[in-house]
Amino acid sequence: MLDVAILGVAAFAAGLVDAVVGGGGLIQIPVLFSTFGSTAPATLLGTSKLAGIFGTAAAAVNYARRVSIAWTTAAPAAFAAFLFAFFGAYTVTKIPADFMRTLLPFVLIAVAVYTFKRKDLGSIHAPLHSGLKERLLAVGIGACIGFYDGFFGPGTGSFLVFLFVRLFGFDFLGASAVAKVVNVACNLSALMWFGYSGHLLWQLGLMMAVCQVAGSLIGTKLAMRHGSGFVRRVFLVVVTILIVKTSWDAWQRW
C-alpha cells in the first residue's frame, strides 16, 4: 500500500512538472523502476505511458482553453510524431540505443547554454513562419522528435519546447502548449505498441493517471499565471537535471 501511495505522489509531481515544460518522466520512471524492480522494463515503461497520456492530454486541454494554440503547427507535428514514434519503438527492438545515451548529455548542454545566454529567447510570441513552410517544418520536427521518443525518449517534452521557441518564434508558454499536443500523439503511438504487446499494468497505470491529471491541472495553472518567464526558468532547471541524469546513465555504461 505504501508503494502505491509513493507512486501516486510521484505521478502527481510528474504531471505538474510535465505540464509546465516536460520532463515528468524524470520523476515517475525512476520511482516505478525502484518500486517494481522485478517487473519487466517494457511493462513499467508502458504503465508510465498509460499514466502520462492522461496527464499530458489534460494539460493540452487546459492550455487550449486559455492559450491560443497554433494548430497549423501543432496538428502536422502531432501527426508526424504519431507515425514516427511507432517507427522509433520498432527500431529500438532492432538497433541498440547506446549511441544516443552517450550523445544526449552534450546535446542537452548545448540547449541549456544557448537558452541561458539568450535572455530574450521565448519572451515574446512572434511566429516566424506561415503557410506551407510552417507545416513542412512542423512535420520535420514532429517526425524527428517522434522517432526519438519511440527510440529513446528522455527529455522529449523539453526538446519540443526548445525547438518551438527557437525555430518557430513562439514564447515559452505558447511552445509548451503546442508541445503538449505533440506529446499526446507520441504517447498514444507508444501506448498502442505497449498495449498490443501486453506490457501494461492497467490498474496501477490508471491510478497514476488520476494523480497525473491532478498534477497537470495545477502545473498548467502555474504556467499560465506566471507566464513565459516562469516556464523558461523551469525549463532550465529541468534541462540541468536531465544533463546530470543522462550523463550519469552514460557514464555507468562506459
Exercise for review: Look at atom CZ of Phe116 and say whether more than 12 heavy atoms of other residues, nucleotides or ligands are closer to it than 6.0 Å.
Suggested key: no
Check your understanding: Gln28 and Gly52: which non-hydrogen atoms are nearest, and at how many Å?
Key -> NE2-N, 4.5 Å
Check your understanding: Has the side chain of Thr115 got a donor or acceptor atom that lies under 3.5 Å from a matching backbone atom of Ala112?
Key -> no
Practice item. Give a yes or no on whether the backbone of Val31 and the side-chain of Thr35 come within a donor-acceptor separation of less than 3.5 Å. Key: yes
Point to revise | Over 12 foreign heavy atoms within 6.0 Å of CE, Met207 | key: yes
**Study point:** Joint hydrophobic cluster, Val21 plus Val244, side-chain heavy atoms closer than 4.5 Å
**Key:** no
Revision key, fill the gap. Heavy atoms of Cys211 and Ala11 approach each other most closely as CB-CB, 3.9 Å
Review point. Heavy atoms, side chains only, cut-off 4.5 Å: are Leu236 and Arg233 in contact?
Key: no
Check your understanding: Quick one: OG on Ser176 to CZ on Phe164, what's the gap to the nearest 0.5 Å?
Key -> 11.0 Å
Review point. Just how far is it from atom NE2 of His199 to atom NZ of Lys49, taken to the nearest 0.5 Å?
Key: 15.0 Å
Practice item. I would like to know whether Thr156 and Val182 meet side chain to side chain contact (heavy atoms under 4.5 Å, CB included); could you show each step before the answer? Key: CA-CA 10 Å; Thr156 295; Val182 181; over 6 Å; no
Point to revise | Interatomic distance, Ser189 atom OG to Leu83 atom CG [nearest 0.5 angstrom] | key: 7.5 Å
Review point. Out of curiosity, Leu44 CG to Leu201 CG, how far, rounded to the nearest 0.5 Å?
Key: 6.5 Å
Review point. Ser216 side chain to Gly15 main-chain N or O, any donor-acceptor pair under 3.5 Å?
Key: no
Check your understanding: If you count the non-hydrogen atoms of other residues, nucleotides and ligands that lie under 6.0 Å from CZ in Phe36, is the total more than 12?
Key -> yes
Review point. Is there a donor-acceptor pair under 3.5 Å between the side chain of His129 and the backbone N or O of Leu167?
Key: yes
**Study point:** Within one Ile-Leu-Val-Met-Phe-Trp-Tyr cluster: Leu206 and Ile53, side-chain cutoff 4.5 Å
**Key:** yes
Review point. Hey, are the side chains of Leu222 and Leu16 touching, using non-hydrogen atoms and a 4.5 Å cut-off?
Key: yes
Exercise for review: Report the residue from Trp193, Phe147, Phe82 that forms a ring pair (Phe, Tyr, Trp, His ring centres under 6.0 Å) with Phe87.
Suggested key: Phe147
Study note, to complete from the structure: Closest non-hydrogen atoms of Ala177 and Ile69, given as atom of the first, atom of the second and distance, are CB-CG1, 4.0 Å
Review point. Can you hop from Val210 to Phe12 via hydrophobic side chains spaced under 4.5 Å?
Key: no
Exercise for review: Would you mind reporting whether Leu160 and Ile141 have side-chain heavy atoms less than 4.5 Å apart?
Suggested key: yes
Check your understanding: Near Phe84 CZ, under 6.0 Å, is it more than 12 heavy atoms from other residues, nucleotides or ligands?
Key -> no
Practice item. For the residue pair Phe172 and Phe235, categorise the inter-ring angle as parallel (less than 30°), tilted (30 to 60°) or perpendicular (more than 60°). Key: tilted
Exercise for review: Drop me the distance from Phe194's CZ to Leu45's CG, to the nearest 0.5 angstrom.
Suggested key: 5.0 Å
Revision key, fill the gap. Between Asn62 and the options Val67, Ile218, Leu217, Val213, the side-chain contact (heavy atoms from CB on, under 4.5 Å) test singles out Leu217
Practice item. State yes or no: do Phe162 and Phe230 share one hydrophobic cluster built from I, L, V, M, F, W and Y residues joined by side-chain heavy-atom distances below 4.5 Å, directly or via other members? Key: yes
Point to revise | Taking every non-hydrogen atom, the tightest pair across Lys180 and Gly22 | key: NZ-N, 4.1 Å
Practice item. Identify the two heavy atoms, one from Ala59 and one from Ala19, that lie closest to each other, and give their separation to 0.1 Å. Key: CB-CB, 3.9 Å
Point to revise | Closest contact, heavy atoms only, Asp18 versus Gly23 | key: OD1-N, 3.1 Å
Check your understanding: Going only through I, L, V, M, F, W and Y residues with side-chain contacts under 4.5 Å, is there a path from Leu32 to Ile6?
Key -> yes
Practice item. Could you tell me whether the side chain of Thr246 reaches within less than 4.5 Å of the side chain of Leu108, counting heavy atoms only? Key: yes
Exercise for review: Rounded to the nearest 0.5 Å, what's the gap from CZ on Phe86 to SG on Cys186? Could you check?
Suggested key: 13.5 Å
